[in-house]
Amino acid sequence: MAIHELLYFPVTALGEPIRLALAVGGVDFKNTTTRNDDTFHERKKSLSPLGEAGQVPILVLPDGKALCQSRAIRGGRLRYLGKVCEFEGTPLYPTDPLAAYEADALIDLADDMRSPVASTFGIADQAEKEAARAALWAEGGKQAKWAAALDATLAKDPMATLTIGNLYAFCMVNMFRTPTFLDGVPPGVFDQYANIAKHHDWIANLAPVKAYYADKEEREAFKPLAAEPAAKKAKTDA
């Protein structure tokens, strides 16, 4: 029987919200990467209307139709998945117009936090690249500012009804949480944000999310946060 297929690199980034939405929705899919498919680049070229210039992720539907172009991940593909995937009987993309707006706004905000790192991928010198990424998270840095805005937004989220916006924010945060595939991102960049931590543990502890990441390699950042050391907790309580 034909199933969904995702073509993306073997990292988290923009492919992970798609993987996680499918997993949460209980939808079988094939996770195709450069590690498990020697024809990855040829298939990407053939599936994308832009050919060689086409980008991933590409989501191939069971009928063979390909949903392409990376910018559409914040729109068409996520909305499509949010409409076909449910959690506890509720679509991941809300049917209520205001709730749908809030899900879209959360996706946009999380993407605003993610996007500044794109400028560092073209830096050839490794030390310079790592310094540039660290600067994005320093006080007043572009990503630090957006992380603070995301934390303030999540403070208003009741974290009761899971949406595609929540999943996207969860994945984009964990793209920068240690351990990460991005060299130069300082450890603990989210330590000061209580609402981001609360949001993380809400999603990471959901049964389908825990089950999906239980045996996944290179996904430690997507698991529940480590319990606070007893000595630290005792000192805080005192």
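In this structure, the separation between OG1 on T153 and CG on L109 is 4.5 Å, given to the nearest 0.5 Å.
Exactly one of N174, N166, V24, V173 qualifies for a side-chain contact (heavy atoms from CB on, under 4.5 Å) with I203. That residue is N166.
Counting non-hydrogen atoms of neighbouring residues, nucleotides and ligands closer than 6.0 angstrom, the NZ atom of K142 reaches no more than 12 such neighbours. Remark: K45 NZ is loosely packed, at most 12 non-hydrogen atoms of other residues, nucleotides or ligands lying under 6.0 Å away. Annotation for D38: atom CG does not count as buried by contact number, only 12 or fewer foreign heavy atoms lying within 6.0 Å. Within 6.0 Å of NZ on K198 lie no more than 12 heavy atoms contributed by other residues, nucleotides or ligands.
The hydrophobic cluster containing I123 does not contain V117, counting ILVMFWY residues as joined when their side-chain heavy atoms lie under 4.5 angstrom apart, directly or transitively.
Here the side chains of I196 and R177 are in contact, with some heavy-atom distance below 4.5 Å. Residues D111 and Y168 form a side-chain contact, since some pair of their non-hydrogen atoms from C-beta on lies under 4.5 Å apart. Contact annotation: the side chain of H4 approaches that of L61 to within less than 4.5 Å [non-hydrogen atoms, C-beta and beyond]. Using a 4.5 Å heavy-atom cutoff, the side chains of F181 and M175 are in contact. Contact check for Q192 versus D151: no side-chain heavy atoms found under the 4.5 Å cut-off. In this structure, the side chains of T120 and L182 stay at 4.5 Å or more apart for every pair of heavy atoms. No side-chain heavy atom of D37 sits less than 4.5 Å from a side-chain heavy atom of L7. Looking at T32 and F40, their side chains come closer than 4.5 Å, going by heavy atoms from C-beta outward.
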What's the verdict on salt bridge (charged side-chain N to carboxylate O under 4.0 Å, His left out) for E5 and R43, showing C-alpha distance, side-chain angles and the deciding distance?
-> CA-CA 12 Å; E5 179 184 14; R43 292 198 62 215; 2.5 Å; yes
From CA spacing to verdict: side chain to side chain contact (heavy atoms under 4.5 Å, CB included), T161, T90 = CA-CA 8 Å; T161 302; T90 301; 4.3 Å; yes
When you look at L106 and L150, which way does the side chain to side chain contact (heavy atoms under 4.5 Å, CB included) test go after all the steps?
-> CA-CA 8 Å; L106 187 53; L150 178 61; 3.7 Å; yes
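The two residues C68 and I58 make their nearest non-hydrogen contact at SG-CG2, 4.0 Å. Across all non-hydrogen atoms, the minimal contact from T163 to A103 is OG1-CB, 3.9 Å. Residues L6 and P57 approach most closely at CD1-CB, 3.8 Å, considering heavy atoms. Nearest heavy-atom pair across L92 and A21 is CD1-O, 4.0 Å. The two residues L154 and M159 have their closest heavy-atom pair at O-CE, 3.4 Å. Taking every heavy atom of both residues into account, Q55 and S48 meet most closely at N-OG, 4.5 Å.
Between E130 and R133, none of the side-chain N atoms (NZ, or NE/NH1/NH2) sits under 4.0 Å from a carboxylate O, so this pair counts as no salt bridge. E16 and R19 are joined by a salt bridge, as a carboxylate oxygen and a charged side-chain nitrogen come within less than 4.0 angstrom of each other. Using a 4.0 Å cut-off between charged nitrogen and carboxylate oxygen, R35 and E218 count as a salt-bridge pair.
Within the structure, every pair that satisfies the ring-ring contact (aromatic ring centres under 6.0 Å, His included) test and touches residues 187-209, not counting sequence neighbours, is listed here: W137-F190, F170-H200, H199-W202. Within the structure, the ring-ring contact (aromatic ring centres under 6.0 Å, His included) test picks out no pair touching residues 84-119 (sequence neighbours left out).
Using a distance-only test at 3.5 Å, with no hydrogens or angles considered, no donor-acceptor pair links the side chain of K30 to the main chain of I3.
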